[in-house]
Novice: 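Take this structure first; my questions come after.
All chains are named by letter (A, B, ...) in the order of the sequence lines, taking the proteins before the strands, and each is independently numbered beginning at 1.
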Amino acid sequence: AQSVTQLDSQVPVFEEAPVELRCNYSSSVSVYLFWYVQYPNQGLQLLLKYLSGSTLVESINGFEAEFNKSQTSFHLRKPSVHISDTAEYFCAVSAPGGATNKLIFGTGTLLAVQP
Amino acid sequence: DGGITQSPKYLFRKEGQNVTLSCEQNLNHDAMYWYRQDPGQGLRLIYYSQIVNDFQKGDIAEGYSVSREKKESFPLTVTSAQKNPTAFYLCASNGVTNTQYFGPGTRLTVL
């Protein structure tokens, strides 16, 4: 079985500062990893995903995440945040080829960007 | 445009009432999911369906029911047996490589 831990429930940061949202996972098999973003009263939007290949994955709006198998982590980073990045971010894991294709979600990290 | 729609956006339920939340997708996905979201608890899986006419309980199925008569539709009924139904409900469908795509959500409030 898989599990996901997001260590920070809330991360306050000033505009134009760098940010890292932490995600650690537990699994006895290989995994797919995902980051989703949720704006207030909206559904989740896929931000980026790691399936295989290059361990560094990027999104179109400047976020990146690096899959680190030895540390079982998939931390999300952005070198310079904007006010519009304020949202809740969820890390998720699934097992490729599994019978149910279920995603296991972390409890979320609220990124609060201050001017 | 391909996507997932949920209706209504806001729903109010009286004590003892059953209510049904709609979820439709035109992505031609086989698998669909219902999640419940409460503040500080992330997403919890209620029910999922991998194919038409088949569905399985998730982690918190008590007080809920579903049907999957068509590939495009996966409605969720919140029954009177669900004692604390106030929450944000999200529907999703599963594309290739386990990538799930979400609808905009329905906020259910008990009066």
Novice: Is it the case that more than 12 heavy atoms not belonging to B:Lys14 sit under 6.0 Å from its NZ atom?
Specialist: no
Novice: Measuring heavy-atom distances to chain A, does B:Gln37 have an atom under 4.5 Å in its side chain, in its backbone, in both, or in neither?
Specialist: side chain
Novice: How would you list, by chain and number, every residue that makes a side-chain contact (heavy atoms from CB on, under 4.5 Å) with B:Thr79, sequence neighbours excluded?
Specialist: B:Asn18, B:Ser65, B:Thr77, B:Ala81
Novice: Indicate, with yes or no, if A:Val57 and A:Leu33 share a hydrophobic cluster defined by side-chain heavy-atom contacts under 4.5 Å among Ile, Leu, Val, Met, Phe, Trp and Tyr.
Specialist: yes
Novice: Chain B contacts: which residues in residues 37-51 of chain A have a non-hydrogen atom closer than 4.5 Å to it?
Specialist: A:Gln38, A:Asn41, A:Gln42, A:Gly43, A:Leu44, A:Leu46, A:Lys49, A:Leu51
Novice: Please tabulate, one pair per line, all N/O donor-acceptor pairs under 3.5 Å involving side-chain atoms of residues 6-14 of chain A, not counting sequence neighbours.
Specialist:
{"unit_1": "A:Gln6", "atom_1": "OE1", "unit_2": "A:Cys91", "atom_2": "N", "d": "3.0"}
{"unit_1": "A:Gln6", "atom_1": "OE1", "unit_2": "A:Gly108", "atom_2": "N", "d": "3.1"}
{"unit_1": "A:Gln6", "atom_1": "NE2", "unit_2": "A:Tyr89", "atom_2": "O", "d": "3.0"}
{"unit_1": "A:Gln6", "atom_1": "NE2", "unit_2": "A:Thr109", "atom_2": "OG1", "d": "3.3"}
{"unit_1": "A:Asp8", "atom_1": "OD1", "unit_2": "A:Arg22", "atom_2": "NH2", "d": "3.0"}
{"unit_1": "A:Asp8", "atom_1": "OD2", "unit_2": "A:Arg22", "atom_2": "NE", "d": "3.1"}
{"unit_1": "A:Asp8", "atom_1": "OD2", "unit_2": "A:Arg22", "atom_2": "NH2", "d": "3.3"}

Novice: Restricting to pairs with a member in residues 36-46 of chain B, which pass salt bridge (Lys or Arg N to Asp or Glu O under 4.0 Å), not counting sequence neighbours?
Specialist: B:Arg36-B:Asp38, B:Asp38-B:Arg44
Novice: So which atom in B:Gln100 and which in B:Asn94 form the shortest heavy-atom distance, rounded to 0.1 Å?
Specialist: CG-OD1, 3.2 Å
